[in-house]
Amino acid sequence: MIGSGIDRVDGPLKVTGRAVYSYERQDAGSALYGVITGASIGKGRIVSIDTSDAEKAPGVVLVMTHLSAPKQGPFVNKPTIFDRPHPELVSDKVEYFGQPVAFVSVISSDFSATNVHCRASPEPEA
């Protein structure tokens, strides 16, 4: 080993299998699942988005689109994607295929993203 050892407080708990991980904590209730509905076009605008089927589905806690998402900070171009804000659901503009157009929080992992109906108009090619 190079340098001195690091005294990790959580080390003995982890190597003996007694550590509690965040998913195992139920202080605030059971964990929720997130389901993303992606854009079906490569570039264009969302013409309409109907979330009524998703909102009525059993186990749905929250449905969010560009119409209901909270305001987010601006995109910041940094060298890596892991340390920069990348706001989603901010407008009706579609920039790439699969771009998130809706986010649904549910209590079960078997919820289908097809419960959100999004109609988008592709931009004409230049």
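Atoms considered below: every heavy atom in the structure, side chains included; atoms not considered: hydrogens, waters and symmetry mates.
- Rounding to the nearest 0.5 angstrom, the gap separating the CG atom in Asp50 from the CD atom in Glu55 is 8.0 Å.
- Closest approach of Gln72 to Val90, counting heavy atoms only: NE2-CG1, 3.7 Å.
- Sorted by first and then second residue, the side-chain hydrogen bond (donor to acceptor under 3.5 Å, both in side chains) pairs involving residues 99-108 (not counting sequence neighbours) are Ser108-Asp110.
- Between Pro87 and Lys71, the closest side-chain pair of non-hydrogen atoms is not below 4.5 Å.
- Across Ala120 and Pro122, no two heavy atoms sit closer than the pair O-CD, 3.7 Å.
- Contact check for Leu32 versus Val106: no side-chain heavy atoms found under the 4.5 Å cut-off.
- Side chain of Thr37 to main chain of Val101: no donor-acceptor pair is present (N/O by atom type, distance under 3.5 Å, no hydrogens or angles).
- Within the 4.5 Å cutoff, no side-chain heavy atoms of Asn115 are placed close to those of Val104.
- Residues Leu62 and Ile36 fall within the same hydrophobic cluster, defined by Ile, Leu, Val, Met, Phe, Trp and Tyr side chains chained together at heavy-atom separations under 4.5 Å.
- Atom CG in Asp10 sits 8.0 Å away from atom OH in Tyr21 (nearest 0.5 Å).
- Residues Val116 and Ala102 approach most closely at CG1-CB, 3.7 Å, considering heavy atoms.
- Summarising the geometry of Pro100 relative to Leu89, their closest heavy-atom pair is O-CD2, 3.6 Å, with the distance given to 0.1 Å.
- Closest approach of Pro70 to Met64, counting heavy atoms only: CD-SD, 3.5 Å.
- Here His117 contributes atom NE2 and Ile49 contributes atom CD1; the two are 10.5 Å apart, rounded to the nearest 0.5 Å.
- If you take NZ on Lys43 and CD on Glu95, they are separated by 4.0 Å, rounding to the nearest 0.5 Å.
- At least one side-chain heavy atom of Cys118 sits under 4.5 Å from a side-chain heavy atom of Ile46.
- Across all non-hydrogen atoms, the minimal contact from Phe111 to Ala57 is CE1-CB, 3.7 Å.
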